Amino acid sequence: QHMDSRSVVLAACAGAMSILLARHVQDVYRRGSPKAVRWVRPPKPQWRPGQGAPGSATPVVTVRPKEVPGGSCYPLVISSFVPRPIALVSTVSNSGTVNLAPFSYAGAMSHDPPCIAFSVCRKPGGVKKDTLTNIEQNGEMVVHVMSEWMVEAANHSCGNFDAEDDEFILAGLTKGPSSIVRPPRCLESGVQMECKVKHSYEIKNANNVVTATMILAEVVCFHIHKNLYDDNNGKGPTTVRLDGFEPMSRLGGNTYGTTTYVYDLPRPDRPKSGR
């Protein structure tokens, strides 16, 4: 009976290990190598100008913002305007308290000068988030790009923590000194951009209540992981290598996305009188 019981336990353990191994293999197959980006052909390599695209006859649902079922446009906006880059923003208060938080209402706005925009929504009751409070105090921040190797830790920084809490410590991320601005850099990020506020704009709803503040931040210094940096041996152009970068994007709900395959599409020739 003792041997039978042990055999049962061993068989159960072996079955559980087989299931875990199968799931791991499936996950590896589904995800592929986290650092590998596949370059593939465009979806319609034989497409020619004037051929158009499918979808024009697809029925649509038309809804105005004030008529959205559920009453809030938030789920609709974050699930429709996708994928969105994520700005992981570090700031510091005048008293020295450091804050780190991700924002997916974000994007690159220009290159001369290089500017990043992101929007900080208000908390319930119109309360300002710590990121906005700190920026309004000193106008400085560091904007980071989130990569897959740090996504869990970066995501943890979005918690509703108290103002005196340091999200770097709570998430286990590493601070590094900045060259120009006061807020620290997150050293795990492959691209770290020291920024100063160039403009800010308060967004108001139909009741004239401020619901968000858009920050236009000018990049005053870049810090890029050496394995991702490429300046063509000092001759330019200067770029960030996609292979190994693993940039994350936000989709609807709590869903994140990765870049697994890409393709090039040449820009059409412009007329001589054009741009």
Side-chain angles (χ1 to χ4, degrees), residues 65 73-74 76-92 99-122 128-147 154 157-158 178-186 189-205 210-225 228-231 236-242 245-252 256-259 262 264-265 267-268 270 274-275:
C73 285
Y74 177 70
L76 177 59
V77 170
I78 67 169
S79 63
S80 60
F81 199 80
V82 294
R84 299 185 307 282
I86 307 162
L88 182 65
V89 182
S90 62
T91 58
V92 63
N99 182 268
L100 181 70
F103 299 91
S104 70
Y105 286 162
M109 297 295 107
S110 64
H111 62 274
D112 185 18
C115 288
I116 306 296
F118 63 95
S119 185
V120 185
C121 295
R122 293 289 199 270
K128 294 180 180 180
K129 293 183 178 180
D130 300 330
T131 297
L132 179 59
T133 299
N134 294 346
I135 290 174
E136 288 180 339
Q137 288 181 7
N138 50 57
E140 296 182 340
M141 73 226 75
V142 182
V143 178
H144 308 82
V145 177
M146 282 173 56
S147 293
S157 69
C158 73
S178 295
S179 301
I180 298 175
V181 302
R182 188 180 173 197
R185 296 179 289 124
C186 177
S189 172
V191 176
Q192 312 148 21
M193 297 170 281
E194 297 184 36
C195 300
K196 293 186 177 183
V197 172
K198 192 170 184 65
H199 300 290
S200 64
Y201 179 79
E202 290 188 339
I203 301 172
K204 300 179 180 179
N205 64 14
V210 176
T211 57
T213 300
M214 185 178 69
I215 302 295
L216 183 64
E218 181 176 348
V219 181
V220 295
C221 188
F222 291 92
H223 303 269
I224 302 166
H225 281 190
L228 301 178
Y229 179 79
D230 185 2
D231 63 7
T238 301
T239 62
V240 173
R241 294 188 180 97
L242 182 56
F245 192 14
E246 304 175 39
M248 300 301 300
S249 63
R250 273 302 301 271
L251 306 171
Y256 285 85
T258 60
T259 300
V262 297
D264 284 338
L265 282 176
R267 300 174 70 171
R270 295 180 176 135
R275 293 180 294 171

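Everything numeric in this text was worked out from a predicted model, so none of it was measured.
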Review point. How would you list, by chain and number, every residue that makes a side-chain hydrogen bond (donor to acceptor under 3.5 Å, both in side chains) with H223, sequence neighbours excluded?
Key: E194
Check your understanding: Do side-chain atoms of H144 reach the backbone of S189 as a donor and acceptor pair under 3.5 angstrom?
Key -> no
Point to revise | Listed partners of S79 passing side-chain contact (heavy atoms from CB on, under 4.5 Å), at least two apart | key: none
Practice item. Mind listing the closest non-hydrogen atom pair of P184 and S90 along with its distance? Key: O-OG, 2.6 Å
Practice item. Find the distance between CG (L216) and OH (Y201) and round it off to the nearest 0.5 Å. Key: 13.5 Å
Exercise for review: Quick one: list whatever passes side-chain contact (heavy atoms from CB on, under 4.5 Å) with S200, sequence neighbours left out.
Suggested key: T213, I215
Practice item. Using atom types as modelled and distance alone, determine if a side-chain donor or acceptor of N138 lies under 3.5 Å from a backbone N or O of V92. Key: yes
Exercise for review: Could you tell me which non-hydrogen atom of M248 sits nearest to which non-hydrogen atom of S147, and how far apart they are?
Suggested key: CG-C, 3.6 Å
Point to revise | P83: partners by side-chain contact (heavy atoms from CB on, under 4.5 Å), with sequence neighbours left out | key: S249, L251
Check your understanding: When rounded to the nearest 0.5 angstrom, what is the spacing between CD in Q137 and CG in L132?
Key -> 10.0 Å
Exercise for review: Over all heavy atoms of both residues, which pair between V142 and P183 is shortest? Give the atoms and the distance, please.
Suggested key: CG2-O, 3.6 Å
**Study point:** Sequence-distant partners of D231, side-chain hydrogen bond (donor to acceptor under 3.5 Å, both in side chains), two or more places apart
**Key:** Y229
Review point. Of all heavy-atom pairs between V220 and I180, which one has the smallest distance, and what is that distance?
Key: O-CD1, 3.4 Å
Review point. So, for L228 and G190, which heavy atoms are closest and what is the spacing to 0.1 Å?
Key: CD1-CA, 3.9 Å
**Study point:** Distance, nearest 0.5 Å, that separates CG of D230 from OG1 of T239
**Key:** 4.5 Å
Practice item. Drop me the distance from E202's CD to M214's CE, to the nearest 0.5 angstrom. Key: 11.5 Å
**Study point:** Within-4.5 Å side-chain heavy-atom neighbours: V181 and K196
**Key:** yes
Review point. Mind checking what makes side-chain hydrogen bond (donor to acceptor under 3.5 Å, both in side chains) contact with T91, not counting sequence neighbours?
Key: N134
Check your understanding: So how far is it from M141 CE to S178 OG, rounded to the nearest 0.5 Å?
Key -> 11.0 Å
Table please: side-chain donor-acceptor pairs of residues 103-116 below 3.5 Å, with sequence neighbours left out.
residue	atom	partner	partner atom	Å
S104	OG	R84	NE	3.4
S104	OG	R84	NH2	3.0
S110	OG	P113	O	2.7

Study note, to complete from the structure: Minimal heavy-atom distance between E140 and R182, with the atoms involved, is OE1-N, 2.8 Å
Practice item. Kindly write out the residues that satisfy salt bridge (Lys or Arg N to Asp or Glu O under 4.0 Å) with E218, not counting sequence neighbours, or none if the list is empty. Key: K198
**Study point:** By salt bridge (Lys or Arg N to Asp or Glu O under 4.0 Å) - contacts of K128 (at least two apart)
**Key:** E136
Practice item. Tell me, please, which residues at least two apart from D130 pass side-chain contact (heavy atoms from CB on, under 4.5 Å). Key: N99, A163
Exercise for review: Taking salt bridge (Lys or Arg N to Asp or Glu O under 4.0 Å) as the test, write out the residues that go with R185, two or more places apart.
Suggested key: none
**Study point:** Interatomic spacing from CZ in F222 to CD in Q192 - rounded to 0.5 Å
**Key:** 12.0 Å
